[in-house]
Amino acid sequence: MITSRRMAAVDLNAESLGVPRKQLMESSGNAVARACRDLAEPGCTVAIVAGRGNNGGDALVTARFLKAYDVTVHLLGRPETISTDIARENWDALVAAEADLRTITDSDDLDLGDPDVVIDAMLGTGVTGALREPEATAARAINDTDATVLAVDVPSGVDADTGEAEGVAVAADHVVTFHDDKPGLDALDCEVAVADIGIPDAAELFTGPGDLLALGRDSQSHKGDHGDVLVVGGGPYTGAPALAAQAALRAGADLARVAAPEHVAREIQGYSENLIVSGFSGDHLTPDHVPDLLELAADRDVVVFGPGLGDADATLDAVGAFLADFDGTAVLDADALQVVPEVDTDATLICTPHQGELQKMGGETADDWNDRSDLVRDFAGELGHVLLVKGAYDIVSDGDDVRVNRTGNPGMTVGGTGDVLAGVTGALACVLPPLDAAAVGAYVNGRAGDVAVEEFGGGLVATDVLERVPAGLEVDE
Ligand SMILES: NC(=O)C1=CN([C@@H]2O[C@H](COP(=O)(O)OP(=O)(O)OC[C@H]3O[C@@H](n4cnc5c(N)ncnc54)[C@H](O)[C@@H]3O)[C@@H](O)[C@H]2O)[C@@H](O)CC1
Ligand SMILES: [K+]
């Protein structure tokens with residue numbers, strides 16, 4: 001099963017892997033033609049009703065593959081209004097070949113005749129709201145024919161994710177849907193076939209530019225919509241919590257707070273006016289601080305726990321006590337990680353160990369990343385939390401799905417880049433589900449490091465990566 005949102009991500013990832021959308025459209029159109037041949041003998045009449053988006057584009061390809069049939073293409077709207085280049089190129093190819101084409105600008109002009117098959121390619125996953133005109137009238141006309149109705153990807157008017165329609169929708173007999181089954185098709189009373197259109201598995205497994213689409217920001221948004229992150233850290237190390245908190249801001253959080261021992265808090269406040277800092281007594285975290293921390297954490301979207309915290313026994317006890325009573329979302333890093341396997345918590349955790357820390361948690365690792373993926377997935381399942389295991393290939397899993405990230409470079413082994421990753425992941429976990437936040441966090445952090453290496457060649461420091469997080473977040477379509 002794949003949602004429309006994930007499908008759009010996978011589509012862009014496929015493009016970045018060298019499989020452009022026009023190629024996928026060719027495979028989709030071909031698959032629809034194959035399905036049509038299974039439904040009707042050569043010589044039968046086929047009416048293709050095409051919309052102006054890529055769903056229509058798929059069926060314009062289909063028309064080329066149905067030479068043995070009597071095909072008429074009805075385009076809903078003027079050719080100049082076709083909304084994508086690839087769909088328009090396929091229209092132009094039909095014009096050049098003098099195919100039987102009709103353009104319908106007024107719904108009263110639509111005359112489907114009495115075809116054996118109607119191919120419904122008005123709208124696919126791009127539908128929003130109830131069908132407008134001329135699509136609504138065309139849907140009724142399609143439903144009124146005696147023809148076998150074959151829908152491209154999803155019956156027009158139906159939401160592929162929910163199976164629901166806000167108004168009239170095409171009642172299809174058959175659907176050819178692409179790449180994977182869609183959640184909304186199960187509820188429909190029609191035959192659904194899934195066509196492999198050549199999207200590589202790698203487009204789903206490896207993070208890519210498509211994964212960033214999930215972050216699309218609403219221009220009407222307000223402060224607080226993109227997250228309020230609390231970083232709990234510092235003790236023996238002072239820079240780590242500040243790096244994590246600044247990274248959260250760079251990754252789009254509206255507010256980043258730090259809770260740290262007094263001396264660390266003073267130091268951070270001295271050099272960063274962007275952070276809200278609160279200090280607690282003593283020079284490291286202890287169980288006495290936990291009630292106040294829980295109170296501070298309660299109104300935050302995500303807590304990043306661990307950067308620079310140290311592994312004093314009292315500190316680890318405090319992490320355990322915090323997690324036992326916390327039921328929000330937390331990113332756990334560094335020394336805080338070793339507490340996770342022991343603790344019984346209602347919290348949603350994203351754990352970001354490197355391989356040494358993974359082993360300290362009781363997890364296993366392997367040289368080959370494929371083997372490592374299996375081990376990480378099993379261990380995430382055992383823990384009941386999301387794992388982001390850092391390495392040349394970062395492995396992310398929630399116990400079911402696995403995502404692998406290939407961005408980043410050896411220059412990033414310098415201290416502090418892990419703190420940046422924890423902060424970025426914390427910010428993303430404010431707006432994305434935990435598995436996506438971890439996968440996109442790894443992708444963005446690695447990309448920021450790649451941008452930095454391109455600029456400096458070598459000798460990276462963590463703040464170089466931190467400053468390039470916004471570049472790592474840019475979608476270049
Ligand atoms: N990986 C993918 O995502 C692939 C998608 N493909 C095809 O592309 C389709 C999605 O294409 P698009 O994103 O261009 O979207 P659609 O072709 O589904 O719809 C977009 C068009 O519909 C219009 N529209 C939206 N809501 C409407 C309404 N209620 N009434 C009337 N018009 C409405 C829009 O203005 C736009 O012109 C898929 O369903 C599939 O058929 C395939 O070509 C291959 C790969
Ligand atoms: K359709």
Side-chain angles (χ1 to χ4, degrees), residues 2-17 19-32 35 48-62 74-91 104 107 118-139 142-143 149-161 164-182 184-185 188 190 192 194-200 203-204 208 210 213 477:
I2 191 163
T3 61
S4 306
R5 190 167 117 158
R6 183 72 188 139
M7 188 70 197
V10 168
D11 177 51
L12 191 54
N13 287 351
E15 179 114 35
S16 80
L17 293 168
V19 186
R21 203 162 195 203
K22 192 170 181 194
Q23 218 164 303
L24 300 179
M25 183 173 275
E26 191 73 11
S27 302
S28 304
N30 191 350
V32 173
I48 293 177
V49 185
R52 298 177 305 279
N54 285 340
N55 193 252
D58 293 342
L60 300 177
V61 171
T62 303
H74 305 261
L75 176 73
L76 300 187
R78 286 175 291 115
E80 310 82 78
T81 61
I82 292 177
S83 61
T84 69
D85 290 345
I86 53 176
R88 191 171 319 106
E89 285 160 16
N90 279 306
W91 172 261
I104 312 298
S107 51
V118 172
I119 295 179
D120 157 40
M122 296 194 290
L123 287 166
T125 51
V127 67
T128 43
L131 288 186
R132 297 189 292 268
E133 291 299 347
E135 285 80 3
T137 301
I142 292 171
N143 294 345
V149 177
L150 170 61
V152 176
D153 205 22
V154 56
S156 297
V158 172
D159 182 316
D161 292 333
E164 280 161 22
E166 285 189 29
V168 63
V170 169
D173 302 301
H174 299 264
V175 178
V176 177
T177 197
F178 305 127
H179 182 62
D180 200 350
D181 205 358
K182 311 289 145 58
L185 296 180
L188 305 180
C190 60
V192 179
V194 176
D196 182 352
I197 56 170
I199 293 177
E204 290 210 50
L213 295 179
E477 278 183 88

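Atoms within a ligand are numbered from 1 in the order they appear, just like the ligands themselves. Each residue takes its place number in the sequence, starting with 1.
Between the CG atom in L123 and the CZ atom in R132 there is a gap of 8.0 Å [rounded to 0.5 Å]. Taking CD1 of I142 as the reference point, atom CD of E135 lies at 10.0 Å (rounded to 0.5 Å). L188 contributes atom CG, which lies 12.0 Å from atom CG of D173 (distance to the nearest 0.5 angstrom).
For ligand 1 and L131, the ligand atoms under 4.0 Å from any heavy atom of the residue are 29 (N), 30 (N). Close approach to E135 involves these atoms of ligand 1, each under 4.0 Å from a residue heavy atom: 31 (C). Short contacts between ligand 1 and M7, defined as distances under 4.0 Å to a heavy atom of the residue, involve ligand atoms 1 (N), 2 (C), 3 (O). Close contacts between ligand 1 and M25 involve ligand atoms 43 (O) [criterion: under 4.0 Å to a heavy atom].
For the pair I199 and A14, the tightest heavy-atom approach, listed with the atom from each and the gap, is CG2-CB, 4.3 Å. Nearest approach of A169 to V158, heavy atoms of both residues: CB-CG2, 3.9 Å. The two residues A203 and V10 have their closest heavy-atom pair at CB-O, 3.6 Å. The heavy-atom pair separating R21 from E15 by the smallest distance is N-OE1, 3.7 Å. The nearest pair of heavy atoms linking V127 to G157 is CG2-CA, 4.4 Å. The two residues R78 and T81 come nearest to each other via the heavy atoms O-OG1, 2.6 Å.
Counting only heavy atoms of the protein, atom 44 (C) of ligand 1 lies nearest to S28 OG, 3.3 Å. Counting protein heavy atoms only, atom 6 (N) of ligand 1 is closest to D58 OD2, 3.7 Å. For atom 26 (N) of ligand 1, the closest heavy atom belonging to the protein is T128 N, 3.0 Å. Nearest to atom 36 (C) of ligand 1 among the protein's heavy atoms is S83 OG, 4.2 Å. Looking only at protein heavy atoms, the nearest one to atom 10 (C) of ligand 1 is T125 OG1, 3.3 Å. Here the protein heavy atom with the shortest distance to atom 39 (O) of ligand 1 is D153 OD2, 2.6 Å. Closest to atom 25 (C) of ligand 1, if we only count protein heavy atoms, is G126 O, 3.4 Å. Of the protein's heavy atoms, R132 NH2, 3.6 Å lies nearest to atom 27 (C) of ligand 1.
At a 4.0 Å heavy-atom cut-off, ligand 1 touches L123 through backbone and side chain alike. Proximity of R21 to ligand 1, defined as any heavy-atom pair under 4.0 Å, is confined to the side chain (atoms from C-beta onward). By the criterion of a heavy-atom distance under 4.0 Å, both the backbone and the side chain of N54 are placed next to ligand 1.
Here M122 does not reach the K ion (ligand 2): none of its N/O/S atoms is less than 3.4 Å from the metal. For the K ion (ligand 2), the set of nearby N, O or S atoms under 3.4 Å includes none belonging to P155. Among the atoms of D153, no N, O or S atom falls under 3.4 Å of the K ion (ligand 2). At least one N/O/S atom of L123, whether from backbone or side chain, sits less than 3.4 Å from the K ion (ligand 2). Residue contact annotation: A172 places no N/O/S atom under 3.4 Å from the K ion (ligand 2).
The one candidate from I86, L24, T125, I82 that meets the side-chain contact (heavy atoms from CB on, under 4.5 Å) condition with N54 is I86. The side-chain hydrogen bond (donor to acceptor under 3.5 Å, both in side chains) with K182 is formed by just one residue from the set D153, D161, T3; it is D153. Of the options D196, V154, D58, a side-chain contact (heavy atoms from CB on, under 4.5 Å) to F178 is made by D58 and by none of the others.
Checking side-chain atoms of S156 against main-chain N and O of V170 turns up no donor-acceptor pair under 3.5 Å. Between the N55 side chain and the V152 main chain, a donor and an acceptor come within less than 3.5 Å of each other. For R52 (side chain) and A87 (main-chain N/O), no donor-acceptor pair under 3.5 Å exists by modelled atom type. At distances below 3.5 Å, not a single donor-acceptor pair connects side-chain atoms of N90 with backbone N or O atoms of V61. Distance alone, capped at 3.5 Å, places no donor-acceptor pair between the R88 side chain and the E80 backbone.
At least one side-chain heavy atom of M122 sits under 4.5 Å from a side-chain heavy atom of D120.
Not one N or O of I197 is nearer than 3.5 Å to an N or O of ligand 1, by distance alone. Inclusion of T84 in the set of residues having an N or O under 3.5 Å from an N or O of ligand 1 is not warranted. For a threshold of 3.5 Å applied to N or O pairs, the pair formed by N55 and ligand 1 contains at least one separation below that value. Residue contacts with ligand 1: G56 is placed with no nitrogen or oxygen under 3.5 Å of a nitrogen or oxygen of the ligand (distance criterion only). Polar contact check, G124 against ligand 1: a nitrogen or oxygen pair lies under 3.5 Å apart.
A heavy-atom separation below 4.0 Å is found between A130 and ligand 1. Distances shorter than 4.0 angstrom do not occur between any heavy atom of G51 and any atom of ligand 1.
Here the N, O or S atom of D120 that is nearest to the K ion (ligand 2) is O.
Note that atom 34 (C) of ligand 1 has no protein non-hydrogen atoms nearby, at separations under 4.0 angstrom.
Between the O atom of V154 and the O atom of V152, the angle taken at the K ion (ligand 2) works out to 70° after rounding to 10°. Rounded to the nearest 10 degrees, the angle OD1 (N55) to the K ion (ligand 2) to OG (S156) equals 100°.
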